[in-house]
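Notes follow the structure.
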Amino acid sequence: MNRAEIEAKVTDAIIASLEAGVAPWKKGWISRPNPTNVVSGRPYRGINWWTLAIVADKQGYDSPYWLTYKQATERGGQVRKGEKGTAIVFWKIAHWQDAEGDDRSAPLLRYYTVFNADQCDGLTVPDVPMRTDVNVADIAAARDHVLNVWRATGNSIPKFLDAVGTIGDTPHYSPTLDYIMLPDDDRFHTVDDYVGALLHEAAHSTGHESRLHRWDGKRHEFGCNDYAEEELVAEIGAAMIAARLGLPISMDNSAAYVASWLKRLKDDRALLIAAAQRAQKATDWICGDALVPAAV
């Protein structure tokens, strides 16, 4: 299977969700534990996190644990007959020598088919970890939670300006001045709305040259491909950060919005995987090792 076929296969679940009228990165599975490989114990990341979360939500799987058919049999389990697996991707570095004998390498996109533990019989898995949302009473508490986690990483953080009446009242990030501008708190209807705006702009800010240097040589005029990818990075990144920190979030999920992304992703199946990978890096920059606290 070539790269284009893998990209199409893996993004099918995302496309199906959009066709059903839902932008999957807008639907937070905050109360669900992260999809996790039962053998390694590591949570899935990037596009794999979204893909498995969508399938688990649609199929009603209670278990956060996933594994390949081979891993299931090695653990004494058996995938039930007729169960359908889910495709996930990973990057592998391929090494070879060219005609001149020089060492060469390049990233190679591969895919695996995995099954949820609920699709298996006789499988022993760890207890399902419980997760709780962070209790934020108001916008100030939500903002403090995000900033405290970010500052604790030691990573570079942009300036935050309350610029209503001087620059405007539309949330935005300025790459030139490296600041995030948000309107006064009372301009937001809910804490969820504020978190959505804050995290969207925070995700944008990670592309700055002092951070992940994501924009080198790229154009970001409205309507161009680079602009679309960066917006998708910010959209997915905001939802990933909210899920990592256990925060409520609300973002636009209108029919027009969903339709616009459906068209873009059908036209460019590579866009989603690339954007999700960059969104994961943005999330890691802001959150570090922070995880949603487990219920005791």
Legend entry - ILVMFWY network linking Val233 to Trp285, side-chain heavy atoms under 4.5 angstrom: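 No: no chain of side-chain contacts under 4.5 Å links Val233 to Trp285.
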Inset, instruction - State plainly whether one hydrophobic cluster holds both Val79 and Val39, where clusters connect Ile, Leu, Val, Met, Phe, Trp and Tyr through side-chain heavy atoms under 4.5 angstrom apart. - result: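 No.
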Side-chain touch [X]/[Y], heavy atoms, less than 4.5 angstrom:
| X | Y | answer |
| --- | --- | --- |
| Leu245 | Leu199 | no |
| Val149 | Ile286 | no |
| Phe115 | Gln71 | no |
| Tyr69 | Glu74 | no |
| Pro35 | Asn48 | no |
| Asn116 | Thr86 | no |
| Leu272 | Leu232 | yes |
| Leu123 | Arg75 | yes |

Rounded distance (nearest 0.5 Å) linking atom [atom1] of [X] with atom [atom2] of [Y]:
| X | Y | atom1 | atom2 | result |
| --- | --- | --- | --- | --- |
| Cys287 | Asn155 | SG | CG | 10.5 Å |
| Ile14 | Glu19 | CD1 | CD | 12.0 Å |
| His204 | Glu230 | NE2 | CD | 5.5 Å |
| Arg143 | Asp138 | CZ | CG | 8.5 Å |
| His172 | Glu201 | NE2 | CD | 8.0 Å |
| Ile236 | Trp49 | CD1 | CH2 | 10.0 Å |

[X] to [Y] - nearest heavy-atom pair and separation:
| X | Y | result |
| --- | --- | --- |
| Ile47 | Val89 | CG2-CG2, 3.6 Å |
| Glu7 | Arg269 | CB-O, 3.9 Å |
| Ala282 | Thr206 | CB-OG1, 3.2 Å |
| Met181 | Pro183 | SD-N, 4.0 Å |
| Ala238 | Ala203 | N-CB, 4.3 Å |
| Thr51 | Ala87 | CG2-O, 3.9 Å |

Legend entry - Of Tyr44, Trp66, Tyr65, the residue whose pairing with Asn37 passes side chain to side chain donor-acceptor pair (under 3.5 Å):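 Exactly one option meets the side chain to side chain donor-acceptor pair (under 3.5 Å) with Asn37, and it is Tyr44.
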Inset, instruction - Take Ile273 and Gln277, measure what side chain to side chain contact (heavy atoms under 4.5 Å, CB included) needs, and give me the verdict at the end. - result: CA-CA 6 Å; Ile273 293 177; Gln277 184 181 42; 5.6 Å; no
Main-chain N/O of [Y] paired to [X] side chain as donor or acceptor, under 3.5 Å:
| X | Y | answer |
| --- | --- | --- |
| Arg187 | Leu182 | no |
| Thr176 | Ser174 | no |
| Trp50 | Arg45 | no |
| Asp118 | Asp62 | yes |
| Asp184 | Asp186 | no |
| Asp268 | Ala270 | yes |
| Arg3 | Leu109 | no |

Legend entry - Check against salt bridge (charged side-chain N to carboxylate O under 4.0 Å, His left out), Arg214 and Glu229: CA-CA 11 Å; Arg214 195 167 54 238; Glu229 180 178 323; over 6 Å; no
Inset, instruction - Return yes if a side-chain donor-acceptor contact under 3.5 Å exists between Tyr173 and Asp178, otherwise no. - result: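 Note: Tyr173 and Asp178 side chains meet the donor-acceptor criterion.
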Legend entry - Residue among Val191, Thr190, Leu198 satisfying side chain to side chain contact (heavy atoms under 4.5 Å, CB included) with Tyr194: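 When side chain to side chain contact (heavy atoms under 4.5 Å, CB included) is applied between Tyr194 and each of Val191, Thr190, Leu198, only Leu198 qualifies.
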Inset, instruction - Please report the C-alpha distance between Ile249 and Asp192 in whole Å, then the side-chain angles of each, then the deciding distance to 0.1 Å, and finally whether the side chain to side chain contact (heavy atoms under 4.5 Å, CB included) criterion is met. - result: CA-CA 4 Å; Ile249 189 169; Asp192 304 30; 5.7 Å; no
Legend entry - Intermediate values then yes/no, side chain to side chain contact (heavy atoms under 4.5 Å, CB included), Leu271 and Leu265: CA-CA 7 Å; Leu271 176 62; Leu265 296 179; 3.9 Å; yes
Inset, instruction - Show your reasoning for whether side chain to side chain contact (heavy atoms under 4.5 Å, CB included) applies to Glu231 and Trp261. - result: CA-CA 11 Å; Glu231 278 302 298; Trp261 280 115; 4.2 Å; yes
Inset, instruction - Check whether more than 12 heavy atoms from other residues, nucleotides or ligands sit under 6.0 Å from atom CZ of Arg110, and answer yes or no. - result: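 Counting neighbours around CZ of Arg110, 12 or fewer heavy atoms of other residues, nucleotides or ligands fall under 6.0 Å, so no.
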